[in-house]
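What follows is a set of notes on a single structure, which appears directly below.
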Amino acid sequence: MRLVWPPVSTADPAQRIFMRLSRYFLPILREIPKEAEIASHRLMLRAGMIRQEAAGIYAFLPLGLRVLDKVCRIVREEQNRSGAIELLMPTIQSAELWRESGRYEAYGKEMLRFKDRHEREMLYGPTNEEMITEIFRSYVRSYKDLPLNLYHIQWKFRDEVRPRFGVMRGREFLMKDAYSFDLDFEGAKHSYNRMFVAYLRTFARMGLRSIPMVAESGPIGGNLSHEFIILADTGESEVFCHGDYLTFEVPGPDVDFDNAKALQAIVDKWTSLYAATSEKHDPSLFAKLGPGKGLSARGIEVGHIFYFGTKYSEPMKAIVTGPDGTDRPVHSGSYGIGPSRLVAAIIEAFHDDAGIKWPQSVAPFGAIILNLKQGGADTDPACERLYAELTAKGVDTLYHDLEERPGSKFATADLIGIPWQILVGPRGLAEGKVEVKRRADGTRELMSPADAVTRISQGSNLLYA
RNA sequence: CGGAGUGUGGCUCAGCCUGGUAGAGCACCUCGUUCGGGACGAGGGGGUCGCAGGUUCAAAUCCUGCCACUCCGACCA
């Protein structure tokens with residue numbers, strides 16, 4: 001069961017037809033569903049991205065899936081770049097495994113437990129430390145196979161007492177979880193730093209400014225841990241940090257993840273200033289930051305990294321032989337990012353009253369063509385041509401070809417938040433022009449269709465930055 | 001898990017208190033007029049009122065039980 005699909009390139013002619021709105025499945029809601037309290041939940045429902053199937057359990061509809069795929073793609077690329085290796089573990093696990101670590105009893109009612117037909121105790125995985133440790137210990141015996149960082153992107157289930165805020169706080173959620181294995185603390189620290197830097201890059205590529213904050217290690221245990229918080233005015237919790245974090249440079253794509261010293265320098269810099277969630281907040285320290293330097297804002301947790309040492313390797317006997325010939329349990333950490341939650345977090349960071357304003361890199365489509373006079377002798381061919389040319393340039397393009405009034409098309413385009421809108425109407429075409437509107441700032445510009453293609457194809461290719 | 005609510009057409013809701021055989025707006029279908037910021041007119045389709053009992057001549061409405069969902073609090077990626 002492959003649950004996350006790579007994004008489909010619309011450059012593939014076989015896919016083109018599905019990007020006409022008349023053949024697509026985009027169930028827009030004009031009225032606001034009453035249960036949705038926060039902006040992202042409201043907008044995801046209205047934009048036809050998700051459908052609630054049970055409390056805290058959602059189906060991703062086509063538009064939502066496209067965004068989720070793009071988020072996962074960035075996560076993957078940055079995990080891979082940092083040296084982590086992807087695999088895929090199952091959603092269902094056996095209780096036996098969890099008894100080994102002692103967490104079967106400890107985890108509580110958040111874990112969904114059930115029995116199969118043979119009365120074997122099973123569970124729907126809330127996380128995978130036990131399983132990855134089991135896999136590791138089955139194959140790895142020598143320090144020569146280290147370091148190792150294995151990750152997967154898989155659905156998890158935590159039976160929250162009170163799910164809310166749509167996919168932001170669902171019971172079923174998609175999670176990237178990585179698990180590192182090293183011979184000693186020094187190695188583990190390097191692995192931790194790899195993830196730390198990969199996370200900075202991952203969120204930055206989604207247009208988000210993330211700030212690492214010292215975190216409680218929580219039920220998973222350990223003593224080296226950071227939460228990655230992104231700032232959004234409508235964020236769930238209050239956070240406090242030094243304002244200079246907003247000016248820190250995010251490591252570029254050329255960062256050398258094998259250079260432990262260089263990585264440590266980056267991590268040191270990004271942990272040098274005050275940054276705390278409200279639980280860890282110390283007002284007296286915060287007050288000492290100096291005039292104008294203390295930043296109090298709203299934030300959303302989008303990632304969490306832990307070092308937990310030998311917490312699982314010891315009870316579960318994940319042992320390797322060191323260079324000196326002695327056996328020892330490996331040092332591990334785990335590193336989570338919630339892609340489904342990120343989709344909502346990105347919306348919290350980028351929206352206005354009219355709808356979503358997707359950052360280029362995760363937008364479900366790069367551009368939308370609005371035919372303001374469907375069936376028009378001049379507008380129809382102009383739209384078809386734009387559509388073909390943009391698609392040929394690799395821009396994911398949605399063609400709004402329904403028989404709707406212009407006002408309705410504008411509203412839909414604004415709602416679903418496609419970064420570039422191309423307005424094709426008789427008025428502009430009379431002068432050989434179309435209007436290009438940027439959703440992010442609302443700016444519009446009249447230009448020839450050829451210039452529009454150039455402008456958009458150049459401005460849309462930020463995914464691989 | 002404590003507290004508070006809500007279930008009526010695809011969506012938002014009225015009707016329930018004071019029982020009498022189900023409504024509005026939006027959406028949908030047809031026709032016409034419209035057409036650069038969610039048009040207008042006419043006609044039409046669609047609901048065993050969450051489920052199960054009970055009271056009654058009669059239940060969306062009153063009573064009991066169950067289920068689902070939402071909000072506040074404690075808890076979490």
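Residue numbers begin at 1 in each chain, while the letters A, B, ... track the order of the sequences.
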### Task
Starting from the 5' end of RNA chain B, give me the residue, A:His41 or A:Gly303, whose nearest nucleotide shows up first.
A:His41

### Task
Name the residue closer to the 5' end of RNA chain B, choosing between A:Glu160 and A:Ala55 according to the nucleotide with the nearest heavy atom.
A:Ala55

### Task
Taking only the side-chain heavy atoms of A:Glu301 (C-beta and beyond), determine which of B:rU12, B:rC75, B:rA77 contains the nearest atom.
B:rA77

### Per A:Val161 side chain, nearest of listed nucleotides B:rC1, B:rC26, B:rA77
B:rC1

### Side-chain donor or acceptor of A:Lys109 paired with backbone N/O of A:Asp159 under 3.5 Å
no

Which whole number of Å gives the distance between the [atom1] atom of [N] and that of [M]?
{"N": "B:rC1", "M": "B:rC75", "atom1": "C1'", "value": "10 Å"}
{"N": "B:rU56", "M": "B:rC16", "atom1": "P", "value": "24 Å"}
{"N": "B:rU8", "M": "B:rC29", "atom1": "P", "value": "24 Å"}
{"N": "B:rC26", "M": "B:rA39", "atom1": "C1'", "value": "14 Å"}
{"N": "B:rU6", "M": "B:rC13", "atom1": "P", "value": "12 Å"}
{"N": "B:rU12", "M": "B:rG36", "atom1": "C1'", "value": "29 Å"}
{"N": "B:rC35", "M": "B:rU70", "atom1": "P", "value": "45 Å"}
{"N": "B:rU21", "M": "B:rU61", "atom1": "P", "value": "14 Å"}

Using a heavy-atom cut-off of 4.0 Å across all strands, would you classify [X] as base, sugar-phosphate, or nothing?
{"X": "A:Gln374", "answer": "nothing"}
{"X": "A:Pro27", "answer": "nothing"}
{"X": "A:Gly376", "answer": "nothing"}

### Summary
From the list A:Phe306, A:Tyr151, A:Tyr335, A:Tyr192, side chain to side chain contact (heavy atoms under 4.5 Å, CB included) partner of A:Ser180 resolves to A:Tyr335

What's the [atom1]-[atom2] distance between [X] and [N], to the nearest Å?
{"X": "A:Glu403", "N": "B:rC31", "atom1": "CD", "atom2": "P", "answer": "12 Å"}
{"X": "A:Leu26", "N": "B:rA27", "atom1": "CG", "atom2": "P", "answer": "16 Å"}
{"X": "A:Arg162", "N": "B:rA68", "atom1": "CZ", "atom2": "P", "answer": "17 Å"}
{"X": "A:Met195", "N": "B:rA77", "atom1": "CE", "atom2": "P", "answer": "19 Å"}
{"X": "A:Arg164", "N": "B:rA77", "atom1": "CZ", "atom2": "P", "answer": "14 Å"}
{"X": "A:Ile153", "N": "B:rA77", "atom1": "CD1", "atom2": "C1'", "answer": "14 Å"}
{"X": "A:Ile32", "N": "B:rG25", "atom1": "CD1", "atom2": "C1'", "answer": "15 Å"}
{"X": "A:Ile300", "N": "B:rC76", "atom1": "CD1", "atom2": "P", "answer": "18 Å"}

### Message
Using the ring centroid of each side chain, check whether A:Trp270 and A:Phe196 are separated by less than 6.0 Å.
### Response
no

Partner of [N] by Watson-Crick or G-U wobble geometry, both contacts under 3.5 Å, or none?
{"N": "B:rC26", "value": "B:rG10"}
{"N": "B:rA39", "value": "B:rU33"}
{"N": "B:rU55", "value": "none"}
{"N": "B:rA77", "value": "none"}
{"N": "B:rC66", "value": "B:rG50"}
{"N": "B:rC71", "value": "B:rG3"}

### Query
Quick one: which of A:His152, A:Glu86, A:Gln79 gives a side chain to side chain donor-acceptor pair (under 3.5 Å) with A:Lys176?
A:Gln79

### Query
Has A:Lys156 got a side-chain N or O lying under 4.0 Å from the OP1 or OP2 atom of B:rA77?
no

### Message
Looking at A:Glu227 and A:Lys280, is there a salt bridge between them, counting it only when a charged N and a carboxylate O are closer than 4.0 Å?
### Response
no

### Query
Does NZ or CZ of A:Arg439 fall inside the cone over A:Trp420's six-membered ring, less than 6.0 Å from its centre and within 45° of the axis?
no

#### Entry: Distance-only donor-acceptor test, A:Arg169 side-chain atoms vs B:rC76 base atoms, 3.5 Å
yes

## Note on the structure
Readout for nucleotides 33-38 of chain B: B = base within 4.0 Å of protein heavy atom, S = sugar-phosphate only, - = neither; 5' to 3' it is -BSBBB

### Message
The criterion is side chain to side chain donor-acceptor pair (under 3.5 Å); which residues satisfy it with A:Asn149, sequence neighbours excluded?
### Response
none

### Query
Once you round to the nearest 0.5 Å, how far does CG of A:Leu295 lie from CG of A:Leu231?
6.5 Å

### Query
Are A:Gln421 and A:Asp414 linked by a side-chain donor-acceptor pair shorter than 3.5 Å?
yes

### Query
Under the salt bridge (charged side-chain N to carboxylate O under 4.0 Å, His left out) rule, what pairs show up with a residue in residues 415-430 of chain A, not counting sequence neighbours?
none

